[in-house]
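Chain A is the first sequence line, chain B the second, and so forth, proteins listed ahead of strands; every chain is numbered from 1. Worth saying up front: this structure is predicted, and the values here are computed from it rather than measured.
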Number of protein chains: 2
Amino acid sequence: MAVGIDIGGTKTAGALVDLAALRAGAAGADGVRAAGAVLRQARTPTPVGEGPDALLDAAAELVARLLEGTPRDRVRGVGVGTGGVVDSTTGTVLSATSVLPGWAGTEVAAGLGARCGLPVRADGDGNTTLLGEHAAGAARGASSVLLAAVGTGIGGALMTGGTLVRGARHAAGHLGHVAAPDAAGVPCSCGARGHVEAVSCGPAIVRRYTEATGTAVPGGLRELAARTGTDPGAARAVADGGRSLGVALAGLVNTFDPELVVIGGGVADIGAPFTDPLEEGLRGGLLPAVRTVRLARAALGSDASVLGAATLAG
Amino acid sequence: MAVGIDIGGTKTAGALVDLAALRAGAAGADGVRAAGAVLRQARTPTPVGEGPDALLDAAAELVARLLEGTPRDRVRGVGVGTGGVVDSTTGTVLSATSVLPGWAGTEVAAGLGARCGLPVRADGDGNTTLLGEHAAGAARGASSVLLAAVGTGIGGALMTGGTLVRGARHAAGHLGHVAAPDAAGVPCSCGARGHVEAVSCGPAIVRRYTEATGTAVPGGLRELAARTGTDPGAARAVADGGRSLGVALAGLVNTFDPELVVIGGGVADIGAPFTDPLEEGLRGGLLPAVRTVRLARAALGSDASVLGAATLAG
Ligand SMILES: [Zn+2]
Ligand SMILES: [Zn+2]
């Protein structure tokens, strides 16, 4: 058994996981449930703005809650996935985004380990999400995978030979920050211009709609997604975002030649109105040599990072 | 000792290489020479258009010439780098470009092995070039590297943990086929549109110059390069090509997080008028987390593939 924790900008989620059952069950959320891989699940609001110690305290309380009644000697340890760039060898956050202010420099593994009395490993949440999808989701059985996680930003992860590509500075997987043709000149969250995140992430799709139609969308992406069936402008904004991302991903597939591309995150949950144009953009940009690449929707939703984090402890 | 062979569209080049000396010497072409790593060197025109058997015959004659007077039991084998997508496990060409027509399907390792009576391994020339630069050139000592080879097309290779990323279909490294903002709508050699090769390879730079100025360049890129000091239009065309490539490479660095980017090929030989704007485009698109990435010019020129091919046999 191992505990998986995902520390996000709004909530900290966790699960006590039977790792053998996780890997033995059928793929996907139903498979994970049917295999009895998740022994217990819990969540708590992330106390953003109260400093790193408060975040670690909240995570430690969650771990304690998940382990109530479980003998410590039956638990291998705790794995943590979190936003920002994480040195997975030390479990320290190297840099963070505005989602988790003050998080940079936090020794997550050491700090949570001291609080829990268990070995702790930590990694970026793009990596833990791919580890989860690889263990029990859309990427099960695949040895080289490109994951694009599309939400308020665009992140992801890469795997080759069944192993994560973590990068020279633990920063691999930032695939929202590749050039996209129709992003030319558009400012990106990273400070540069012209990156695909600036036209294909959730807020960018909403902004494109509002710019094109003059109509505000108070309910954000969720509202826009609900309108795609009836409002051609909404369908176009969502489709354009998907197509732009597909075109950008084609270049990464041509360069990295993965067996499988997995699309996850809240924007992917819109489904076909987003993923069909994405696939069209992707297929249109592929070299003949890589045309057999498979494209799949992520299968585990927000549980992927928690489950993948648990595998870090295995 | 091992023999390295590079089968290209115009010439087939080879060398008899002392692998220990290659790895022990100082980096760069002078270091390779000083270490006495190249025991013998030779080349022959590639009999393009005469079919794969003629190409293998020419390569076999070259191997025989390089090994004249050398006892076979002192030679580990032969490594081959060649254009196209090569299955490095079998040494078979999976697909080829118009540079080597009819090359697809050729069992290079088996065919050359039968002709030479030596074990033969084969790989794509992007990979052998990076292996050469890694053994004795600009990438020596680096464990994660992105190579961009800019010539009549744009190819390359990737390395992580000191090992080539070959991809699920042996096709990794085709980084000329990533989206570039100012390539929007421009047809690429691969059949798609909007890829960086279509604006940054040698012929594309010449075409951009001719389109912008109305002036033909009968001497091609070499003539254009010679004019960059005196003709602002030539300087601009070369700079634009470099900048476009830099912007595209930034996305790959953000995604893959290599320690080092190596720029090689005939277009890189133009030097600063191409590489300075390339570096500007690259640096302008990098995430803060990867800003310490190093950029270097390839150090071994066209010898890199021959030397890297020799290491395949080691
Ligand atoms: Zn960006
Ligand atoms: Zn192309």
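The minimum heavy-atom distance linking A:R169 with B:V293 is given by the pair NH2-CA, 3.0 Å. Nearest heavy atom pair, residue B:P258 against residue A:A168, reads C-CB, 3.9 Å. The two residues A:S95 and B:A289 come nearest to each other via the heavy atoms OG-CB, 4.3 Å. The two atoms that bring B:C190 and A:P288 nearest to each other are O-CD, 4.4 Å, heavy atoms only. In this structure, B:D257 and A:A171 approach most closely via the heavy-atom pair OD2-N, 2.8 Å.
Between chain B and the residues A:T163, A:V253, A:L252, the largest count of heavy-atom pairs under 4.5 Å involves A:L252. Put simply, of B:G176, B:G185, B:G167, the one with the most heavy-atom pairs under 4.5 Å next to chain A is B:G167.
Heavy-atom distances place the side chain of A:V85, and not its backbone, under 4.5 Å from chain B. Only the backbone of A:H170 comes within contact range of chain B, with heavy atoms under 4.5 Å apart. Using a 4.5 Å cut-off between heavy atoms, B:R166 touches chain A through its backbone atoms (N, CA, C, O) alone. Of the two parts of B:T292, the backbone and the side chain both hold a non-hydrogen atom closer than 4.5 Å to a non-hydrogen atom of chain A.
One finds the SG atom of A:C188 at 7.5 Å from the CG atom of B:L287 (value rounded to the nearest 0.5 Å). Note that CG of A:L175 and CG of B:N254 are 10.0 Å apart. Values are rounded to the nearest 0.5 Å.
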Return all side-chain donor-acceptor pairs below 3.5 angstrom for residues 144-156 of chain A, not counting sequence neighbours, or 'none' if the list is empty.
from, atom 1, to, atom 2, distance (Å)
A:S144, OG, A:E259, N, 3.0

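Proximity of B:V165 to A:V165: side-chain heavy atoms (C-beta onward) are nowhere separated by under 4.5 Å. Proximity of B:T255 to A:V178: side-chain heavy atoms (C-beta onward) are separated by under 4.5 Å at one or more points.
Remark: B:R207 CZ is packed, more than 12 non-hydrogen atoms of other residues, nucleotides or ligands lying under 6.0 Å away.
Although no hydrogens or angles enter the test, the distance criterion places a donor-acceptor pair under 3.5 Å between the side chain of B:H195 and the main chain of A:G285.
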